[in-house]
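First the proteins, then the strands, lettered A, B, ... as listed; each starts at 1.
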Amino acid sequence: MMRSHTCGELRPTHAGHHVELCGWVDTVRDHGGLIFIDLRDRHGLAQVVFDPRDSQEAWDTAQATRSEYVIRIAGVVEPRPADMVNAKLPTGGIEVRASRIQVLNRSQTPPFPLDDEEAGKVAEDLRLTYRYLDLRRPLMQQRLAKRHAIVLAARRYFDRHGFVEVETPILTKSTPEGARDYLVPSRVCPGTFFALPQAPQQYKQLLMMAGLDRYVQIARCFRDEDLRADRQPEFTQIDVEMSFIEQEDILTLVDGLVASICEAAGRPVPSLPLPRMTYAEAMSRYGSDKPDLRFGMEISDLSAIFRGSAFKVFAGAVEKGNVVKAINAKGLAGVPIRVMDEWTVLAKDAGLAGLAFIRVQDDGTWKSPIVKFFSDAEKEALRAALDIRVGDLVLFAADAPDRVHTLLGRLRLLAGGMAGVVKDDTFAFTWVTDFPLFEKTEEGGLQSMHHPFTSPNPEDLPLLDSDPAKIRARAYDIVLNGVELGGGSIRIHDPAVQQRMFQALGIPDAEIEDRFGHLIRALSFGAPPHGGIALGLDRLVMLMVGATSIRDVIAFPKTQKAMDLMMNAPAAVDARQLRDIHIRLAGIE
RNA sequence: GGGGACGUAGCUCAAUUGGUUAGAGUACCAGAUUGUCGAUCUGGGUGUUGCGGGUUCGAGUCCCGUCGUCCCCGCCA
């Protein structure tokens, strides 16, 4: 061992101990006589003092050290006099009087400052290019450590509940109906390709058919789609599957998992069970299938109030079977015209004719282009429905329900952010259940909202031929602060139902056999009822540590163009490698 | 694929309407300095204004293109 202690652990109780420390030079304060070096490692910071009267040789070396040099020192722990204690440091009660110093390695001047306060402002591409330096920062190390603690808590939780962790293949088969796949050419089988898994979905179901009963995996997943602050091309899921269970069992299991993880992350543990709402309710009240419940501003249905109104735009909408809904953006009566214009553009982009509004002025009067059409009774009903008060801004939308919900849901988030009513320190979990089984494709066909192995709600099965869009799935998402943390479903275990589902999705029989034959066959060999869920670990950790991007909780993340700036990946390969895998490049300048 | 923001010293930023030698803080280098802990003091500018074109007497500033980073929409079963 090159060290007797870490830099963060020495206390006044160590006084008189002879210690050896290793670490990086954080700062040097040279007083001509005394030299102070703050020595840093993952565990903390310790002040080391060099006095030429102790060792001229050590003092000379210390004077030549610079930021980020790696050094090893030996010395004696001394308590600091009361007036020299540094209350900001856990080790501030002591210092090490050094008798020896060894420079283990020198360092160039870092390309950006490594203290958390300054580095937080540095351009992210620079941090990513020198990620190993960025990760030296205490904040980044804390985040990685917390990620570890969360994964450990999850593994312990699942172990306690009898789960077995199984690794599934990274080289697998393309499933074109999902996200775009990352492909890997086969050398041995010319002209064929593996795909990296978008999720271990089929494998985990097959493990249920294998009788594994309770499966978990901290699984890496790959999707070749455009990136966002909360989306990376490779990411990690806590992937779970169980046999002989119902939806309720999964929800209860994950409730407990979430509580364990919050505890491990040092966050307030939510009271269980976590709140639940249906998809229909989430859309109707929050205009989103991942509602942010940290604030109100819920969507109110005003259709009944405006049925037959003198205001023909609203009355006409109701007449046609559309809806009139609104949110009360409390306190935002003063938003600039510019913002209202932007929001009106959003409304038009969403397919609506426009965005109606009421500003409630300081004297209580309503400033609005439309209130002159409202009767006194309608105004009173409005006031009651939306709790309208001085300073409020009411935003109306009248159109088909899905358009209205999408728009008002989006405006609700913008308004909430602008009004500053979103409490950062609050954790608002919710389950969203009863998702639709299908959604419409651009071509007018059907596609699975979750995935094609999702079980329909048995009550709705008769609708499969008549009105498939109305079928509810036994599918559920867990949402935290408006972020989709994870989702899952009860799966189809009847091969006949699975076959019908593929047919409903319009997949030709030959293709069903080609792509899913193995699964249907497996279902026919005594598949147990089963279901599961997958939770996005990166997003979970992001929220637990208060980061705003999952890049901040991934050691080596990729940029928006899916590049690794440190490794310079992806990169061209040489001709021989291409020949080996039977690939010829075409059409690349 | 689309919309938006940004790109000036190692880093974070400034630079009037297009106008003199592109500045500040910090970092860095040199010297001083025996109780600092964001040490201090003195001195030093270290620059292909992302890149390529264009307009102009004159471009960091205006125009076109391009590259890169970020945010959003589409996309993400």
Side-chain angles (χ1 to χ4, degrees), chain A residues 26-39 45-54 59 63 66-68 78 80-81 83-89 91-92 95 97 108-130 133 174-181 197-199 201-202 221-233 235 342 345-346 349-350 406 410 413-414 435 437-439 441-442 446-454 473 475 484 487 489 501-502 505 507 515-516 534 536 548-549 551 558-561 563 565:
Chain A
D26 200 68
T27 48
V28 182
R29 292 180 295 279
D30 180 353
H31 284 253
L34 294 179
I35 298 171
F36 299 93
I37 291 182
D38 288 341
L39 192 61
L45 212 61
Q47 173 164 285
V48 184
V49 192
F50 295 86
D51 188 325
R53 291 172 302 192
D54 295 336
W59 186 92
Q63 205 189 30
R66 296 291 179 266
S67 284
E68 300 309 310
E78 293 189 340
R80 298 201 205 176
D83 58 332
M84 289 178 206
V85 167
N86 185 346
K88 292 183 207 160
L89 289 181
T91 61
E95 63 194 5
R97 179 167 283 267
Q108 294 184 11
T109 302
F112 57 89
L114 297 189
D115 54 307
D116 284 329
E117 209 168 308
E118 294 299 315
K121 304 173 193 164
V122 171
E124 196 174 359
D125 49 338
L126 194 67
R127 289 172 50 204
L128 291 178
T129 304
Y130 298 93
L133 297 180
S174 177
T175 53
E177 55 282 323
R180 212 172 281 115
D181 285 314
Q198 296 174 26
Q201 184 59 37
Q202 293 191 48
C221 305
F222 305 87
R223 294 177 191 177
D224 186 6
E225 296 293 345
D226 287 347
L227 283 73
R228 288 283 191 288
D230 62 354
R231 276 165 31 188
Q232 282 272 303
F235 60 101
E342 284 171 17
V345 169
L346 282 182
D349 288 349
T406 305
R410 196 167 283 181
L413 293 179
L414 292 172
F435 272 77
L437 186 63
F438 298 113
E439 60 190 344
T441 63
E442 286 169 19
L446 293 176
Q447 69 183 20
S448 298
M449 192 139 178
H450 187 49
H451 56 55
F453 320 114
T454 302
E484 181 193 331
S489 62
M501 192 58 53
F502 287 134
L505 290 168
I507 306 175
R515 296 218 315 256
F516 301 109
T548 52
S549 160
R551 294 187 298 274
K558 293 179 175 55
T559 67
Q560 198 161 43
K561 286 188 74 182
M563 302 224 300
L565 294 180

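- If you take atom P in B:G45 and the same atom in B:A24, they sit 10 Å apart, rounded to whole Å.
- The interatomic distance linking A:Asp230 (CG) with B:C70 (C1') rounds to 14 Å, in whole Å.
- Summarising the geometry, the separation between CG on A:Leu413 and P on B:C71 is reported as 17 Å, rounded to the nearest angstrom.
- Across all strands shown, B:G60 forms no Watson-Crick or G-U wobble pair with both distances under 3.5 Å.
- Pairing for B:G18 is absent, judged as Watson-Crick or G-U wobble with the two contacts each under 3.5 Å.
- Residue whose closest nucleotide on RNA chain B sits further toward the 5' end, between A:Ala179 and A:Leu565: A:Leu565.
- Remark: the A:Arg551 side chain and the B:C70 base include no donor-acceptor N/O pair separated by less than 3.5 Å.
- To the nearest 0.5 Å, atoms CZ (A:Phe516) and OG1 (A:Thr175) are separated by 7.0 Å.
- Dashed line: the shortest gap from a side-chain N or O of A:Thr559 to OP1 or OP2 of B:G68 is not under 4.0 Å.
- Protein atom CD of A:Glu177 is 16 Å distant from nucleotide atom C1' of B:C75, rounded to whole Å.
- Searching all strands for a Watson-Crick or G-U wobble partner of B:U66 with both distances below 3.5 Å returns B:G50.
- The salt bridge (charged side-chain N to carboxylate O under 4.0 Å, His left out) test applied to A:Arg97 returns A:Asp51, A:Asp54, A:Glu78, not counting sequence neighbours.
- With contacts defined as side-chain heavy-atom distances shorter than 4.5 Å, the pair A:Leu446/A:Thr441 does not qualify.
- Comparing B:G68 with B:C75, their C1' atoms sit 23 Å apart, to the nearest whole Å.
- Using C1' as the reference atom, B:A22 and B:A15 are 7 Å apart when rounded to the nearest Å.
- Here, B:G44 and B:G52 have their C1' atoms 35 Å apart, quoted to the whole Å.
- Contacts of A:Ala229 with the nucleic acid, taken as non-hydrogen atoms under 4.0 Å apart, involve only primed sugar atoms and P, OP1 or OP2.
- Residues A:Ile35 and A:Trp59 form a side-chain contact, since some pair of their non-hydrogen atoms from C-beta on lies under 4.5 Å apart.
- Judged by distance alone with a 3.5 Å cut-off, no donor-acceptor contact links the side chain of A:Arg223 to the base of B:C76.
- For the P atoms, the distance from B:U26 to B:G43 is 14 Å, rounded to whole Å.
- Candidate nucleotides B:U12, B:C72, B:U69 were compared by shortest atom distance to the side chain of A:Val122, and B:U12 ranks first.
- Within the 3.5 Å criterion, the main-chain N or O of A:Phe453 finds a donor-acceptor partner in the side chain of A:His451.
- Atoms CD (A:Glu342) and P (B:C71) sit 19 Å apart, rounded to a whole Å.
- The partner of B:A9 cannot be assigned: no Watson-Crick or G-U wobble pair with both contacts below 3.5 Å exists in any strand.
- Separating the NZ atom of A:Lys121 from the P atom of B:C13 is a distance of 8 Å, rounded to the nearest angstrom.
- The side chain of A:Gln560 places an N or O atom within less than 4.0 Å of a non-bridging phosphate oxygen (OP1 or OP2) of B:C71.
- No engagement by A:Thr175 is indicated, since no non-hydrogen atom pair under 4.0 Å with the nucleic acid exists.
- Close to B:G68, at under 4.0 Å from its OP1 or OP2, lies a side-chain N or O of A:Lys561.
- For A:Asp226 and B:U69, the CG to P distance is 13 Å, given to the nearest whole Å.
- When the P atom is used for both B:U66 and B:G4, the distance is 15 Å, rounded to whole Å.
- A salt bridge links A:Arg29 with A:Asp38: the distance from a Lys NZ or Arg NE/NH1/NH2 to an Asp or Glu carboxylate oxygen falls below 4.0 Å.
- In this structure, A:Asp125 places its CG atom 15 Å from P of B:G10, rounding to the nearest Å.
- Electrostatic pairing of A:Glu225 and A:Arg231 does not count as a salt bridge here, judged by no charged N lying under 4.0 Å from a carboxylate O.
- Between the CG atom of A:Asp115 and the P atom of B:C11 there is a distance of 15 Å, given to the nearest Å.
- We find the CD-CD distance between A:Gln198 and A:Glu177 to be 8.0 Å, quoted to the nearest 0.5 Å.
- Checking the phosphate oxygens (OP1, OP2) of B:C73, a side-chain nitrogen or oxygen of A:Arg228 falls inside 4.0 Å.
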Along nucleotides 29-39 of chain B, 5' to 3', which nucleotides get a B, which get an S, and which get a -, given that the test is a protein heavy-atom distance under 4.0 Å? SS--BBBBBSB
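- When Watson-Crick and G-U wobble pairs are counted only if both distances are under 3.5 Å, B:G43 pairs with B:C29.
- Inter-residue side-chain proximity for A:Asp26 and A:Leu39 is flagged as unmet; no heavy-atom pair is nearer than 4.5 Å.
- A distance of about 33 Å separates the C1' atoms of B:G54 and B:G10, rounded to the whole Å.
- Taking every heavy atom of both residues into account, A:Gly33 and A:Pro52 meet most closely at O-CD, 3.5 Å.
- B:G47 and B:C37 are spaced 34 Å apart, taking the C1' atom of each and rounding to whole Å.
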